[in-house]
S.K.: 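One structure, pasted below without further comment.
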Amino acid sequence: MRYYVQHRDDDVSNRLSNTFQQMASERGMQFDELTPEIVVSIGGDGTMLHAFHRFIDQLDHIAFVGVHTGHLGFYADWQVDELEYLADIMSGTRINETIAPRIVKYPLIDIEIRTDEEIKYYKALNEFTLKGVDGTLVAQIDINNQMFEMFRGDGICVSTPSGSTAYNKSVGGALIHPSIAALQLAEIASINNRVYRTLGSSLILPQHHHCDIYSSKPQRIVLSLDHLTIPMDHLHSIRCSVSSQRISFARYRPYPFWNRVKQAFIGTNVQ
Ligand code: NAP
């Protein structure tokens, strides 16, 4: 099996990456940084975002596995002390435990950005956000080609179901199970008074709907895409929709989404 390791580039992740590569080579796996079958992310959820964007053109034939070196992760579900077990079952060398992984696919967002000069296409695993640089963002939001509302406020966050536990949660969006192919549009500090009005709650679009965000005045805008930042001076509009592509995770054991949510946000000792 061809594999690649993406790590967070801190001392712990560096060391673990070397250890894993040593174990993998002893078990007959081949390190391949260009066309791996499995990408092991060692670090946190942020490391998985880096791994995703590194191999974004090969999503159809790569499966991702996450090992977390800090607190519990949403994309990283193996712990540091399970590294050898992971190498064993990935390579099929553990006696009586040749486990074929279950491939779990999570939805992504397609983002089409139109500026005065060009159209660019992106994908997000967590979300993209749109914010005004010099103050209030003014943007018209259309749903399925119909004007929905005029937004004024700090910004807009459009997230995937697996990204719903990240930035989206901080701005009051709902958590969505990643088996639901949907995108969520959440407001970041919208202005609501007698003059300006927005929905005031987040909304969730199904796979066959799309949403356009038009920059309604000349304004400097900053766009974040997962961990990446894209400054944008001449934005015309952004179309977002649920992507027809998905990210694949190799699951060697069950780890239900709601268990992750509970462990991450509520804790296990709360009665
Ligand atoms: P970062 O600022 O270093 O880390 C942001 C935090 O978000 C980390 O604790 C990270 O977990 C966590 N995270 C990432 N994806 C998650 C997910 N799907 N569910 C729950 N938590 C998640 O930035 P980064 O590591 O480069 O990650 C970029 C992400 O940070 C963005 O996609 C955005 O979602 C998030 N972010 C959140 C806020 C906010 O909540 N106000 C603001 C900016 C960015 P790990 O420690 O495991 O990596």
Side-chain angles (χ1 to χ4, degrees), residues 5-14 16-17 39-54 56 64-80 104-111 122-133 137 153-190 202 204 221-231 238 240 242-243 246-249 251 255-267:
V5 180
Q6 176 86 39
H7 62 81
R8 185 159 46 189
D9 208 16
D10 55 26
D11 288 348
V12 175
S13 307
N14 241 318
L16 289 169
S17 170
V39 172
V40 179
S41 157
I42 301 181
D45 288 326
T47 317
M48 187 62 82
L49 297 175
H50 282 78
F52 167 75
H53 283 276
R54 180 181 183 121
I56 201 156
F64 294 82
V65 172
V67 178
H68 60 86
T69 56
H71 51 269
L72 216 80
F74 277 88
Y75 297 120
D77 48 28
W78 290 89
Q79 295 179 26
V80 167
V104 177
K105 292 179 183 265
Y106 281 5
L108 305 169
I109 313 172
D110 276 340
I111 303 143
Y122 297 93
K123 279 188 204 312
L125 173 56
N126 265 356
E127 78 285 289
F128 80 88
T129 68
L130 189 68
K131 292 178 185 166
V133 174
L137 170 77
D154 281 5
I156 294 163
C157 173
V158 179
S159 59
T160 63
S162 59
S164 68
T165 50
Y167 203 138
N168 168 74
K169 185 173 184 298
S170 302
V171 295
L175 302 197
I176 302 182
H177 194 279
S179 62
I180 300 171
L183 64 77
Q184 178 163 192
L185 193 146
E187 301 179 350
I188 307 173
S190 58
S202 74
I204 295 164
I221 281 171
V222 63
L223 203 110
S224 77
L225 184 79
D226 295 335
H227 58 292
L228 307 165
T229 303
I230 310 170
I238 299 179
C240 36
V242 178
S243 180
R246 292 182 176 219
I247 182 173
S248 300
F249 293 100
R251 283 276 145 73
Y255 189 11
F257 177 72
W258 298 119
N259 289 11
R260 294 163 200 242
V261 169
K262 184 178 176 196
Q263 295 211 11
F265 298 120
I266 300 174

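We count ligands from 1, going down the list as the structure has it; atoms in each ligand are counted the same way. These numbers were taken from a predicted model, which means no experiment stands behind them. Computed from heavy atoms alone, side chains included, the values below leave out hydrogens, waters and symmetry copies. Count residues from 1 along the sequence.
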S.K.: Just say parallel, tilted or perpendicular for the rings of Phe64 and Phe52, cut-offs at 30° and 60°.
M.R.: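 If you compare the ring of Phe64 with that of Phe52, the planes turn out tilted.
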S.K.: At a non-hydrogen distance cut-off of under 4.0 Å, which region of Ser170 contacts ligand 1 (side chain, backbone, both, or neither)?
M.R.: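 Side chain only; the backbone of Ser170 stays clear of ligand 1.
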S.K.: Taking Leu125's backbone N and O only, do any of them form a donor-acceptor pair with Thr160's side chain (distance below 3.5 Å, no angle check)?
M.R.: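 Confirmed, Thr160 side chain pairs with Leu125 backbone.
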S.K.: Please state which part of Asn126 comes within less than 4.0 Å of ligand 1, counting heavy atoms only: side chain, backbone, both or neither.
M.R.: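 Side chain only.
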S.K.: Tell me if a side-chain donor or acceptor on Asp226 pairs with a main-chain N or O of Asn126 at a distance below 3.5 Å.
M.R.: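 A pair under 3.5 Å: yes.
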S.K.: Heavy-atom distances under 4.0 Å are what count here, so tell me which part of Tyr167 touches ligand 1: side chain, backbone, both or neither.
M.R.: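 Both the backbone and the side chain of Tyr167 come within reach of ligand 1.
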S.K.: For Leu49, counting its heavy atoms only, list the atoms of ligand 1 lying under 4.0 Å from any of them.
M.R.: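 This gives 27 (O), 28 (C), 29 (C), 32 (O) as the contact atoms.
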S.K.: Considering both backbone and side-chain atoms of Gly46, is one of its nitrogen or oxygen atoms within less than 3.5 Å of a nitrogen or oxygen in ligand 1?
M.R.: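 Among all N and O atoms of Gly46, at least one is under 3.5 Å from an N or O of ligand 1.
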S.K.: Heavy atoms only: which of Gly43, Pro178, Ala264, Ala166 is nearest to atom 16 (C) of ligand 1?
M.R.: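 Selected option, by shortest heavy-atom distance: Ala166.
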S.K.: Does ligand 1 have a heavy atom under 4.0 Å from the side chain of Val171, from its backbone, from both, or from neither?
M.R.: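 No part of Val171 is near ligand 1 at this cut-off.
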S.K.: List the atom of Asp77, the atom of Arg260, and the distance in Å for their closest heavy-atom pair.
M.R.: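 Closest approach of Asp77 to Arg260: OD2-NH2, 3.0 Å.
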S.K.: Would you find a donor on one side and an acceptor on the other, under 3.5 Å apart, between the side chain of Asp45 and the backbone of Phe74?
M.R.: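 Side chain of Asp45 to backbone of Phe74, a donor-acceptor pair under 3.5 Å: yes, one is there.
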S.K.: Which of the numbered atoms in ligand 1 are under 4.0 angstrom from any heavy atom belonging to Gly44?
M.R.: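 The atoms of ligand 1 under 4.0 Å from a heavy atom of Gly44 are 47 (O), 48 (O).
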S.K.: Please output the side-chain donor-acceptor pairs of residues 167-175 that fall under 3.5 Å, not counting sequence neighbours, one pair per line with the distance.
M.R.:
{"unit_1": "Tyr167", "atom_1": "OH", "unit_2": "Lys131", "atom_2": "NZ", "d": "2.7"}
{"unit_1": "Asn168", "atom_1": "ND2", "unit_2": "Ser164", "atom_2": "O", "d": "3.0"}
{"unit_1": "Asn168", "atom_1": "ND2", "unit_2": "Ala174", "atom_2": "O", "d": "3.0"}

S.K.: Hey, does His227 come in under 3.5 Å of ligand 1, counting only N/O atoms on both sides?
M.R.: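 No.
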S.K.: Are any side-chain N or O atoms of Ser224 and backbone N or O atoms of Thr229, one a donor and one an acceptor, separated by less than 3.5 Å?
M.R.: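 It does not hold such a pair.
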S.K.: Quick one: ring pair (Phe, Tyr, Trp, His ring centres under 6.0 Å) partners of Phe257, sequence neighbours excluded?
M.R.: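 Ring pair (Phe, Tyr, Trp, His ring centres under 6.0 Å) list for Phe257, sorted by chain: His177.
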S.K.: Taking heavy atoms and a distance under 4.0 Å, where does Glu127 meet ligand 1: side chain, backbone, both or neither?
M.R.: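 The answer is the side chain.
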S.K.: Should you measure from each heavy atom of Tyr75, which atoms of ligand 1 turn up under 4.0 Å away?
M.R.: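 By the 4.0 Å cutoff, the relevant atoms are 18 (N).
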S.K.: Is it the side chain (CB and beyond), the backbone, both or neither of Ser162 that lies under 4.0 Å from ligand 1, heavy atoms counted?
M.R.: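 The answer is the backbone of Ser162.
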